[in-house]
Amino acid sequence: MKVLTWNVNSLRTRLPRLLALLEREAPDVALIQEVKMLEEEIPYDRLAAAGYSALVNGQRTYNGVAILSRHHGEEIARAFPGDPVPEEARVLAARVGGLTIVCVYVINGQSAGSPAYERKLVQLRSLRDWITSTFDLEQPVLVGGDFNLAPDDRDVWDPAGWKGHTHATEPERAEFRALLDLGFADLFRLHHDEGGVFSWWDYRQGAFHKREGLRIDLLLGTEPLARRCTEVRIDRNERKPSAGEGAPSDHAPVIATFDD
DNA sequence: ATGGTTGGTCGCCAA
């Protein structure tokens with residue numbers, strides 16, 4: 001089984017690249033963030049032609065999340081108690097085969113101490129409370145998406161410069177560690193100890209070329225899933241310009257492989 | 001600290 005997560009920064013703009021990625025990697029499941037489309041605008045036919053059904057929690061202009069799967073998925077939820085921004089489409093949970101999947105797009109937080117940052121901390125806490133009270137974490141559960149936080153300094157290109165800034169503050173990291181403490185593994189870290197491997201680079205100032213990024217796109221798995229995880233990689237090539245498929249997202253896909 | 005670039009939408013907001 002192969003699962004990936006990718007913040008596409010507009011499904012409309014990124015569709016040619018998404019279809020190429022699906023063909024190239026042939027994941028069983030793809031968690032997608034920043035769809036920025038209403039459900040009625042989703043190109044279900046194009047996705048179906050590529051072999052995927054789509055569950056979508058859509059929104060115009062901002063946010064929007066989707067779960068694509070080769071086999072039929074069943075929606076579980078698109079909201080959770082205590083979400084400080086229930087009007088924003090940032091979560092979608094589904095059952096696909098024997099797997100429970102939660103696709104998340106966590107609040108960015110703008111700057112540490114801002115109202116948006118405070119909402120981000122509340123969202124992370126509420127998300128954790130919902131997950132622990134709703135799902136059987138002895139079973140295979142995958143929580144993945146754009147967490148808008150770098151779990152530790154290995155996940156930040158300039159830890160000194162980012163110290164205290166949103167995505168790298170201690171309260172965000174404490175919320176993340178508390179989520180892991182429910183019984184999740186950061187699947188990338190099962191296979192990689194090194195720093196400097198990132199999933200997001202600012203569009204500006206040639207950040208990608210200078211390797212100035214963050215690892216904020218994460219796949220978390222409960223133990224029954226984590227023990228089957230054989231590989232996690234980040235497809236840096238997807239962040240580069242490509243001929244014929246349009247501009248890249250500012251995020252690269254994170255791709256995990258599992259024994260069946 | 002600010003600014004730079006991208007996307008959605010058409011004067012800006014969000015990232």
Side-chain angles (χ1 to χ4, degrees), chain A residues 5-21 31-43 46 56-66 83-91 103-124 144-151 155-169 172 176 198-218 234-254:
Chain A
T5 182
W6 190 23
N7 180 325
V8 295
N9 187 14
S10 171
L11 178 59
R12 184 181 287 106
T13 297
R14 221 64 62 203
L15 185 63
R17 294 190 72 131
L18 175 62
L19 293 173
L21 176 69
L31 284 57
I32 305 295
Q33 302 86 39
E34 287 208 78
V35 168
K36 297 186 177 180
M37 296 173 78
L38 296 170
E39 280 155 79
E40 53 264 40
E41 301 173 311
I42 299 293
R46 303 283 301 278
V56 180
N57 182 8
Q59 186 181 330
R60 186 183 141 159
T61 309
Y62 304 117
N63 311 312
V65 290
D83 185 356
V85 287
E87 69 281 10
E88 299 184 359
R90 292 179 174 274
V91 67
C103 176
V104 300
Y105 175 46
V106 173
I107 292 170
N108 175 291
Q110 292 173 350
S111 61
S114 69
Y117 173 83
E118 298 302 327
R119 287 194 290 271
K120 180 182 194 176
L121 296 180
V122 171
Q123 185 173 61
L124 287 165
D146 178 356
F147 283 76
N148 267 316
L149 68 87
D155 305 311
V156 179
W157 69 274
D158 175 16
W162 277 82
K163 188 174 174 59
H165 288 79
T166 184
H167 296 67
T169 67
E172 292 166 86
F176 180 73
F198 307 130
S199 66
W200 171 86
W201 300 261
D202 198 301
Y203 278 125
R204 298 166 285 192
Q205 305 279 94
F208 177 72
H209 182 69
K210 293 187 282 188
R211 299 183 173 263
E212 297 178 352
L214 303 175
R215 190 177 70 92
I216 57 176
D217 299 276
L218 311 172
I234 299 177
D235 183 4
R236 269 181 57 89
N237 287 330
E238 188 51 63
R239 182 61 177 76
K240 300 174 181 171
S242 78
E245 291 167 9
S249 170
D250 47 350
H251 296 251
V254 182

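All figures in this text were calculated on a predicted structure; none of them were measured in a lab. The chains referred to below are lettered A, B, ... by the order of the sequence lines, with proteins before strands, and numbering in each begins at 1.
- Taking atom NE2 on A:His167 and atom P on B:dA14, their separation rounds to 15 Å, with Å as the unit.
- Here CD of A:Glu34 is found 6.0 Å from NE2 of A:His251. Values are rounded to the nearest 0.5 Å.
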Set out, line by line, the N/O atom pairs under 3.5 Å between protein and nucleotides 11-13 of chain B.
unit_1 : atom_1 : unit_2  : atom_2 : d
B:dC13 : O2     : A:Tyr62 : OH     : 3.3

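- Atom pair A:Arg60:CZ and B:dC10:P shows a separation of 7 Å (rounding to whole Å applied).
- Between the NE2 atom of A:His209 and the P atom of B:dT5 there is a distance of 16 Å, rounded to whole Å.
- Regarding A:Arg17, its CZ atom lies at a distance of 11 Å from the P atom of B:dG7, rounded to whole Å.
- Within 4.0 Å of A:Arg239, counting heavy atoms only, lies no atom of the nucleic acid at all.
- Identified under the salt bridge (charged side-chain N to carboxylate O under 4.0 Å, His left out) test for residues 158-168 of chain A, with sequence neighbours left out: none.
- With sequence neighbours excluded, the residues forming a ring pair (Phe, Tyr, Trp, His ring centres under 6.0 Å) with A:Phe208 are A:Trp201, listed by chain and number.
- The phosphate of B:dA15 (OP1 or OP2) has no side-chain N or O of A:Arg204 nearer than 4.0 angstrom.
- With rounding to whole Å, A:Asn7 atom CG is found 12 Å from B:dG7 atom C1'.
- The nearest heavy atom of DNA chain B to A:Tyr203 and to A:Asn63 marks one nucleotide each, and the one closer to the 5' end goes with A:Tyr203.
- Within 4.0 Å of A:Tyr105, counting heavy atoms only, lie sugar-phosphate atoms of the nucleic acid but no base atom.
- Between A:Gln205 and A:Ala247, it is A:Gln205 whose nearest contact on DNA chain B lies nearer the 5' terminus.
- Residues A:Gln33 and A:Thr5 have side chains that bring a donor and an acceptor to within less than 3.5 angstrom of each other.
- Each of B:dA14, B:dG4, B:dG7 was ranked by its minimum atom distance to the side chain of A:Gln110; first place goes to B:dA14.
- Rounded to whole Å, atom C1' of B:dA15 lies 16 Å from atom CH2 of A:Trp201.
- Taking atom P on both nucleotides, B:dA1 is separated from B:dG7 by 29 Å, rounded to a whole Å.
- Rounded to whole Å, the distance from CG on A:Leu15 to P on B:dG7 is 14 Å.
- Atom CG of A:Asp202 and atom C1' of B:dT2 are 13 Å apart (whole Å).
- Regarding contacts with the backbone of B:dG7, a side-chain N or O of A:Arg14 is found under 4.0 angstrom from either OP1 or OP2.
- Remark: A:Glu172 pairs with A:Lys120, A:Thr169 by the side-chain hydrogen bond (donor to acceptor under 3.5 Å, both in side chains) rule, at least two apart or across chains.
- B:dG4 and B:dC10: their P atoms are spaced 24 Å apart (whole Å).
- Using atom P as the reference point in both B:dG3 and B:dT9, the two lie 26 Å apart (nearest Å).
- A:Arg14 approaches A:Trp6 most closely through the heavy-atom pair CG-CH2, 3.6 Å.
- Residue A:Thr13 has no polar side-chain atom (N or O) positioned under 4.0 Å from OP1 or OP2 of B:dG7.
- Considering only residues two or more places apart in sequence or on other chains, A:Lys240 meets the side-chain hydrogen bond (donor to acceptor under 3.5 Å, both in side chains) condition with A:Asn237.
- Pairs engaging residues 199-209 of chain A under the salt bridge (charged side-chain N to carboxylate O under 4.0 Å, His left out) rule: A:Asp202-A:Arg204 [sequence neighbours left out].
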